[in-house]
**Student:** 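Questions regarding the structure given below will be posed in turn.
Residue numbers begin at 1 in each chain, while the letters A, B, ... track the order of the sequences. Computed from a predicted structure; not experimentally measured. Computed from heavy atoms alone, side chains included, the values below leave out hydrogens, waters and symmetry copies.
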There are 2 protein chains.
Amino acid sequence: MGDEQGSIERCSFNVVHKDVVELVKKKMPGDECLFDLAELFKVFGDTTRVKILFALFTAEMCVCDITALLGLTQSAVSHQLRVLKQARLVKCRKEGKMVYYSLDDEHVKQIFDQGLAHISHK
Amino acid sequence: MGDEQGSIERCSFNVVHKDVVELVKKKMPGDECLFDLAELFKVFGDTTRVKILFALFTAEMCVCDITALLGLTQSAVSHQLRVLKQARLVKCRKEGKMVYYSLDDEHVKQIFDQGLAHISHK
DNA sequence: CAATCATATGAATACATGCTCATATGTTAT
DNA sequence: ATAACATATGAGCATGTATTCATATGATTG
């Protein structure tokens with residue numbers, strides 16, 4: 001309990017509302033958690049990956065079909081599928097030479113729906 | 001109907017499962033919508049912005065307090081607040097020299113909750 | 001009006017990332 | 001085995017982006 005606290009004071013290095021900052025700090029999840037959350041959303045933050053996930057909402061697909069659907073290089077699709085897999089958003093199943101990808105998450109659909117709701121002009 | 005379709009055929013430029021691709025294509029939202037969705041998630045895909053949003057879940061805060069909370073430059077915070085505002089995720093209110101930011105969205109909380117649920121090892 | 005303070009903004013920089021090209025891996029068929 | 005095919009992977013490149021520094025804007029106070 002120093003003498004430099006109170007409701008309103010100087011800013012810059014100090015804080016205007018010390019109580020608020022303390023309260024907020026208490027309620028915040030740990031840094032690692034927030035970092036992981038941002039990492040997850042980073043995965044959603046790319047058109048190609050969003051398209052792939054949306055496609056997999058409808059059906060399991062092989063790399064070849066996804067490539068044709070998106071009109072991209074097979075390599076590009078494969079790279080992005082790896083990202084999605086590392087984030088545990090999709091899983092794959094081998095059948096001969098083909099690899100079939102499908103969703104591996106129950107939350108993505110709801111996250112996307114909420115995102116779409118926001119986009120639809122609020 | 002031509003003679004190059006069917007269930008299984010060559011890949012590369014053609015498609016293995018033409019029916020699946022067609023079905024998926026039909027069910028996919030338009031390109032612009034998918035782009036906007038990715039743009040929205042891109043905003044969530046940064047630790048600083050995630051922290052700011054989490055902070056605002058608890059309380060309205062001025063730039064100064066957010067800066068102190070995050071231990072960043074005031075400039076960095078201001079830049080990110082602009083991004084959040086452009087995405088219509090936060091709104092601001094002026095009071096003298098201070099600017100108070102608060103949430104401007106009902107979906108973010110649920111999106112974050114779903115994201116956290118995914119992270120918590122499924 | 002001059003000084004101080006809170007916030008915003010522009011330029012520069014450092015770093016991340018998505019795509020392509022080339023090639024590797026692994027599977028099926030001849 | 002060899003060829004054809006589906007997918008994965010690594011390097012390189014081009015683009016995007018988060019931060020910092022310096023400074024501008026706008027408000028309050030003396």
**Student:** On DNA chain C, nearest-nucleotide positions of C92(B) versus T73(A): which is more 5'?
**Tutor:** C92(B)
**Student:** Would you mind reading off the distance between L70(A) atom CG and dT7(D) atom P, rounded to a whole angstrom?
**Tutor:** 13 Å
**Student:** Counting only non-hydrogen atoms, which of residues 47-59 of chain A are less than 4.0 Å from DNA chain C?
**Tutor:** T48(A), R49(A)
**Student:** What do you reckon, are the aromatic ring centroids of H118(A) and F41(B) less than 6.0 Å apart?
**Tutor:** no
**Student:** Would you kindly give the CE-to-C1' distance between M61(B) and dT7(C), to the nearest whole Å?
**Tutor:** 15 Å
**Student:** Passes side chain to side chain contact (heavy atoms under 4.5 Å, CB included), L37(A) versus I119(B)? Steps please.
**Tutor:** CA-CA 7 Å; L37(A) 192 59; I119(B) 285 172; 3.7 Å; yes
**Student:** Nearest-Å distance, CG (L72(A)) to C1' (dC21(C))?
**Tutor:** 15 Å
**Student:** With sequence neighbours excluded, what pairs up with K91(A) under the side-chain contact (heavy atoms from CB on, under 4.5 Å) test?
**Tutor:** S102(A), D104(A)
**Student:** Within this structure, what is the CD-to-P distance between E39(B) and dG16(D), rounded to whole angstrom?
**Tutor:** 11 Å
**Student:** Among residues 74-83 of chain B, which residues get a heavy atom nearer than 4.0 Å to DNA chain D?
**Tutor:** S75(B), A76(B), H79(B), Q80(B)
**Student:** Could you note down all residue pairs passing side chain to side chain donor-acceptor pair (under 3.5 Å) where residues 69-83 of chain A supplies at least one of them, sequence neighbours left out?
**Tutor:** R49(A)-Q80(A)
**Student:** Take K42(B) and F44(B) through the test side chain to side chain contact (heavy atoms under 4.5 Å, CB included) and record every step on the way to the result.
**Tutor:** CA-CA 5 Å; K42(B) 216 169 275 182; F44(B) 296 142; over 6 Å; no
**Student:** Does the side chain of M28(B) come within less than 4.5 Å of K51(A)'s, by heavy atoms?
**Tutor:** yes
**Student:** Please state how far atom CZ in R93(B) lies from atom C1' in dA6(C), giving the value in whole angstrom units.
**Tutor:** 15 Å
**Student:** Can you list every side chain to side chain donor-acceptor pair (under 3.5 Å) pair that touches residues 20-33 of chain B, not counting sequence neighbours?
**Tutor:** none
**Student:** Sequence neighbours left out, what passes ring pair (Phe, Tyr, Trp, His ring centres under 6.0 Å) with F35(B)? Give chain and number order.
**Tutor:** none
**Student:** For a quick check of understanding: with a heavy-atom distance under 4.0 Å over all strands, which category does K42(B) fall into, base, sugar-phosphate or nothing?
**Tutor:** sugar-phosphate
**Student:** Not counting sequence neighbours, which residues clear ring pair (Phe, Tyr, Trp, His ring centres under 6.0 Å) with F54(B)? List them please.
**Tutor:** F57(B), F112(B)
**Student:** Can you figure out which of dT20(D), dT7(C), dG18(C) approaches the side chain of C64(B) most closely?
**Tutor:** dT7(C)
**Student:** Which whole-number value in Å describes the distance from D46(B) CG to dC15(C) P?
**Tutor:** 16 Å
**Student:** Check the distance between dG16(D)'s C1' and F35(B)'s CZ and give it to me in whole angstrom.
**Tutor:** 12 Å
**Student:** Among L72(B), L84(B), I66(B), L53(B), which residue satisfies the side chain to side chain contact (heavy atoms under 4.5 Å, CB included) criterion with T48(B)?
**Tutor:** L72(B)
**Student:** Could you state the atom-to-atom distance from CG of L84(B) to C1' of dT7(C) in whole Å?
**Tutor:** 16 Å
**Student:** Under 3.5 Å, which N/O atoms of the protein pair with N/O atoms of nucleotides 24-28 of chain D?
**Tutor:**
none

**Student:** Which pairs, with at least one residue in residues 52-63 of chain B and sequence neighbours excluded, count as a salt bridge (charged side-chain N to carboxylate O under 4.0 Å, His left out)?
**Tutor:** E60(B)-R93(B)
